[in-house]
Every structure is written in structure tokens, then in C-alpha cells.
Asker: 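Here's a structure for you.
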Amino acid sequence: MIRSEQERQRIASMEALRERGLDPYPAAAFDITHRTASLKASFGEGQKVRMAGRLMNRRIMGKASFGELKDAEGVFQLYFNRDELCPGEDKGLYNDVFKKLLDRGDFIGIEGETFMTQVGEPSVKVTALTVLSKAIRPLPSVKVDEDGTVHDAFNDPELRYRMRYVDLVVNPHVKATFEARSKIIKTIRDTFDAEGWMEVDTPVLQSIPGGAAARPFTTHHNALDIPLYLRIANELYLKRLIVGGFDGVYEFSRNFRNEGMDRTHNPEFTVMELYVAYKDYHWMMETTENLFGHIAQAVHGSTEVPLGSHVINFAPPYARVTMRDAILEHAGVDIDGLDEAGLRAACESLGIDTDDSMGRGKLIDELFGEKCEHHYIQPTFIMDYPTDMSPLTKAHRDKPGYTERFELMINGTEVANAYSELNDPLDQRARFEAQLQLSQRGDDEAMFIDHDFLRALEYGMPPTSGIGVGIDRLVMMMTNQTSIQEVLFFPQMRPEAFERSAGHADFSALGVPQAWEQHLVAAGFSTPADLMGAKPTQVHQRLNGYRKKNKLDIPALSLEEVTAWSQNAESPAS
RNA sequence: GACCUGGUAGCUCAGCCGGUUAGAGCAUCUCACUUUUAAUGAGAGGGUCCUGGGUUCGAGUCCCAGCCGGGUCACCA
């Protein structure tokens, strides 16, 4: 493969370390006594410490040097003094290993003693140095000046997402976002566990992709010879567990939907679903607002969270607005008195495109999405959705045509979706059949019928309230990010095209000398076919040009040799 | 899927109306330097200008196609 100049230098340094008897990748554990940030927090002079991390940002000044040790917590300044690091006659560890053979980004282990420099920077005077892992590629050289301005930031989104490991090393704010994500999930888990609800695992591979309406990813099980789908939701499985007798179950469910990708959608995403028996959606609203208040406190130490140009106040209680009132207020339409034709006319008059596959529920959803959704910046529960857009939700206790469902809107986006769960098995069967009709009408996202789920309901499910919280979107809101890619370690990307190098035998079969094989790919001939596709004179010139440019210490090729390769290809040696 | 926009050194970016050997800062290498912190001073090396065609005496620059991103919109219970 093609190595940059800096990479070649680092590989040479690695080999030089070996020649000195220093293993650049030692196997032994390196036990530490301190980490950077906590040492800084409890700093006192004269402490003996053993630490490990990446060597960053070296400043060499002759017989003394400064550098930074970067570990999982942060950075801490190291002071290397030639005569303290090498008290004897041999100054090689400082002059050669530290100054010449180590590079920015290498992992080292050090022993030393804490002290304060003249300018007041807590530091460790290093008395022993161990190479722990040599880095072959140079990290981007991000620097921050006195004013906090970042110079040469590593900020190309493509490179950052494709090489998140580099992003995390050089961009502390990126690391902080993912630490917040972890804290959010832990807060939810701790809160639910304290209530006695049980974390469960349900199938990711499902033969019926139920619980939501979306296009699934399809795969195939060879032994059973059946199609299987990656789950689009886990809802129906958690309800089966409520039937089975658990009072409260929850799961952080990685869901997969084979749809578009953008700032708020990734093909795989995480939803936390919770189901609690003997509760209704009013109870769930209180539970949700209390939970979100706790999460904001855990992440920010406050219920006020900055988000773009707004400050979101997560302190309960949140406003509760019915779907009907929301549309009445922002679109001036009273959905109560309108049938499907009336709604379609109302949508058209407001400039909302409709088509014949849209039923009453879908039309109301369009009205809300177009005219209302973006108004709800502060956390707001939108309640009581029409029956035909909520096939898994219990009918409203006193409003015919509506269900006991709410969505939590924050910053104009849906963050959670919850119901008083439908537990009437005959009603559920009728709702599924209505979905089937929608699907026949052309709505390709209407739900499949899950007969085993219906059977479970027929055995009896207690009244239950359930919620799904979009964890990725919640993390975006809690960390002031506008893109889902910023809260996923490895967002989906089109696969990167790496140059495929041919196997060793492929080129040698043509009679290419061993010394040349490793250079063919670098010179632009990835495969034997590439080599044969070019004229021998062209190959000859390109390879010898490459040899000269890279000062290769191997004999130049003659045109006869190169011509012979093509002949070998045409009539392979027996 | 449509439109807009970008791809030049390890990183961040300049590069004019198409014209000599493609530049800068940081990073790297060499030398100097024992409390610096965007260390400093002197010098050097480093390029498939995303790929492939085309126009031209001449293309990083113009045109076409493609690849890979980003943005806006559409789609998305």
C-alpha cells in the first residue's frame, strides 16, 4: 500500500526501537496509579505517580522537554529532563528514544513525581519511560490557543464519521457528547430499575415485522428456509411479556428501517420501550416528564437545557394539548366535525398535498405535521390521536373516534410516543384488518397482521400503558446537536472503496520478481488484469519512474522483462 | 429522488481571465535550545490537485460523465 512520508518515518522509528531492544508493542500490562483529570483535581507536589496514555503536543527544548499525556480522562503535562530521565552515562533513552523515535500519538507509560512549573502548570517530572504502542499514522494536529480558538480543527464530516476513532482522540467535545449519551441511558435504566421494572431482550430477527409501520430490512434463514426481517419495533413482544405476567418491562431496542437517511434518520436507531401494567396514558405522562427532568439534571445539573437558539425547560409539568385543539389553534380546522372528504378539502385549501391512499387518520397527521408540529418548542404532550392512525392504541374512554395516545413534542420534533395499550383482542383484530384495507388501498406502510400477538391478547392482557422514546433524538436534544450522526458513534455511510491489493501469488504467476510485487499496487497496478491491460512500454516506464521517485533499492526493469510478463499471462507456464 | 455545494500535502485551507517548477499555516525531518504550553530561531523534505473522458498549443482552473461527502427539499405514523 502507499505510505505517506510521515508514515514511512514512523515505521522506520518503530524498527529502530526494536533494534534497541525496545518492543514497540509490548504484551505486559502497565499498571497505573493515577489518571490525568483526577490527578489534576487532587493535585499536590511530590506525589509519586505511574500513568499511561498518548504522548501529545511535544515541546522539545534541548536537554529538557514538555509534552502532554492524554488518557481517557483528559491531558496532563509531562516534563522530561535528560539527566533526571537518564541519570547514568547513557543518555540514549532521552536523546534517541524520546526525542527521535517517539512521535505524537504514541502510547507511553511513565513514572515520575508531581511538581508545579514556574508558570503554574501542574506537571509530572518523568523518571521512567516505557513505550506501550507505536502509532504509524499521524493524528491531525488540532491546536487551541490562549483565547480558546481552535486551529486546524479536524472537522470534515466525512472523515470524522468514517474515522470516529480519530475524531474522538482529537475532538474532546465529540467525546463529551457520547459520554452524555451514556449518562442519559444510565439514568433511564437506574430510574426504571428502582421502580422494579425489568430490562428484557426480545428478538431482533422477526418473521413478522410488527409494532410499527415501516419498510423492513429483509434477510433469509437458511436452515428454516424462510425470510426474516430485522425488527422495526419491539412493541408486540414486550406486550406478550405483560400477558406473561410481568408488571413492568423495558428494552433499549435497536430498530432497523429501510428508508431514507438524513439529519434525523439513520437506518438503525435506538428506541427505549417501556410497558407497565395497570397504568394508563395519564400516568405515563407524569412518568415521562419526571424522567426527562431527571435526565436533564443528570446531564446538565439543571432542567434548563440550551438547544440551538432556544432554552428548553425540562422541569415538569409539561403542557398537555389535544390533537384537535392543536389543529384548531394552528390550522383553524376543527377535525371533529369533518369526514374524510371534508378533511381532504381542508388540507387542499391549506396547500397540503393529498392522495387517495390517505385515510382520515393520515390526513389529520398531515395537518398536524405541516401546520402544528414546529410550534411546539418547549416539551408538550399532544394527546388523543384519531383511531385509524393508532392501530395499537386503546379507544378513548369518552371520545368516540379517538384513542388514548400521546406524543411528546420538543423543539418541533417527536421524541416519544405512548398509549394506553389496546388490550381488547377483538378490537385489535378489527384494527389490523382496517390496516390491511389501507395497505390494499396503496399505503405500503400499513401494518402486517401478527396472529400470534392476537392470540396472546386473547389470553388476556391487563390494562397497560406503554411508551417508546427515541433515544438518538433525545440525546440530540440533551447535547445540543442538530444531526443524528453526531450522536451515533458509527453512523451509516456508503462503504469506503479501499484499493484491493492482489494476492501474493497472483503477480508471481506472471513472473514478476518478488522485490517488485509489493510496489506494483502502489504504482497503480492493483491486479494482474490492470498490469496486462496496459502496454508493456507503459508498464515499463511507470514502474521505473516509480522506482526512481521512491529511491527503491532494487534493480531497474528492462523492457524485455516486462514484455515477458504479458507473454506469461497469455500462455501460462504449465 | 430533485436542487445547491464541496473534494488540492498528514490536518485546515489559498490558488485571480486557462499560462513558468501548484502555495501558506500547523504537522514531519535536520540543527540550536534545561520550566515551555498554538514553545522559539534557522534550514529541508513532502502532491494520483477525487476518477475518467473532452475542449485547448497548454487544464488544479473550462465542459461532460462518474465516485464520495455536506446542505436544502421531497419521502418517512
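Chain A is the first sequence line, chain B the second, and so forth, proteins listed ahead of strands; every chain is numbered from 1. Since the model is a prediction, treat every value here as computed from it, not as a measurement.
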Asker: What is the distance, rounded to the nearest whole Å, between atom CZ of A/Phe154 and atom C1' of B/rA27?
Answerer: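 Distance check: A/Phe154 CZ to B/rA27 C1' gives 14 Å.
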Asker: Under 4.0 Å, heavy atoms only, any strand: does A/Arg263 hit a base, just the sugar-phosphate, or nothing?
Answerer: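 Sugar-phosphate: the residue A/Arg263, judged by heavy atoms under 4.0 Å, touches backbone atoms but no base.
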Asker: Provide, to the nearest angstrom, the distance between the CZ atom belonging to A/Phe98 and the C1' atom belonging to B/rU34.
Answerer: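 Rounded to the whole Å, the gap is 13 Å.
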Asker: Counting only side-chain nitrogens and oxygens, does A/Arg494 get under 4.0 Å of the OP1 or OP2 atom of B/rG69?
Answerer: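 Result: yes.
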Asker: What is the nucleic acid contact for A/Ile60, judged by heavy atoms within less than 4.0 Å: base, sugar-phosphate only, or nothing?
Answerer: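 Touches a base.
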Asker: Roughly how many Å is it from CZ in A/Arg3 to C1' in B/rA9, rounded to a whole number?
Answerer: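 In whole Å, B/rA9 C1' lies 17 Å from A/Arg3 CZ.
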Asker: Report which part of the nucleic acid A/Phe115 touches: base, sugar-phosphate, or nothing (heavy-atom distance under 4.0 Å, all strands).
Answerer: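 Base, at least one base atom sits under 4.0 Å.
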Asker: Mind telling me whether A/Phe66 and A/Tyr79 have parallel, tilted or perpendicular rings, with 30° and 60° as the class edges?
Answerer: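 Correct class here is tilted.
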Asker: So A/Asp156, base contact, sugar-phosphate only, or nothing? Heavy-atom distance under 4.0 Å.
Answerer: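 Counting heavy atoms under 4.0 Å across all strands, the contact made by A/Asp156 is with sugar-phosphate only.
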Asker: Looking for any heavy atom pair under 4.0 Å, which part of the strands does A/Arg104 touch: base, sugar-phosphate only, or nothing?
Answerer: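 A/Arg104: backbone/sugar contact only, no base atoms under 4.0 Å.
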Asker: Using a distance-only test with no angle check, is there a side-chain donor-acceptor pair under 3.5 angstrom linking A/Ser483 and A/Arg263?
Answerer: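 Not at all, the side chains of A/Ser483 and A/Arg263 share no donor-acceptor pair under 3.5 Å.
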Asker: Expressed as a whole number of angstroms, how long is the span from A/Gln9:CD to B/rU28:P?
Answerer: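 Nearest whole value for this atom pair: 10 Å.
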Asker: What's the CD-C1' distance between A/Glu486 and B/rG71, to the nearest Å?
Answerer: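 Computing the A/Glu486:CD to B/rG71:C1' distance gives 14 Å.
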Asker: For residues A/Tyr402 and A/Asp336, is any side-chain donor paired with an opposing acceptor at under 3.5 Å?
Answerer: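 A/Asp336 and A/Tyr402 do have a side-chain donor-acceptor pair below 3.5 Å.
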Asker: Hey, which sits more toward the 5' end of RNA chain B by its nearest nucleotide, A/Gly260 or A/Met163?
Answerer: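 Going by which nucleotide is closer to the 5' end, it is A/Met163.
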Asker: With sugar-phosphate meaning primed atoms plus P, OP1 and OP2, does A/Val144 contact a base, only sugar-phosphate, or nothing at under 4.0 Å between heavy atoms?
Answerer: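 Sugar-phosphate, backbone atoms only, no base.
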Asker: With no hydrogens and no angle check, just 3.5 Å: does a side-chain donor-acceptor pair link A/Glu84 and A/Tyr94?
Answerer: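 A/Glu84 vs A/Tyr94: no donor-acceptor pair found between side chains.
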Asker: Tell me which of A/Ser483 and A/Lys100 sits closer to the 5' end of RNA chain B, going by the nucleotide each one is nearest to.
Answerer: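 Nearer the 5' end of the strand: A/Lys100.
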Asker: In the structure shown, which nucleotide is the Watson-Crick or G-U wobble counterpart of B/rA2, with both distances under 3.5 Å?
Answerer: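 Here B/rA2 is engaged in a pair, and the nucleotide opposite it is B/rU72.
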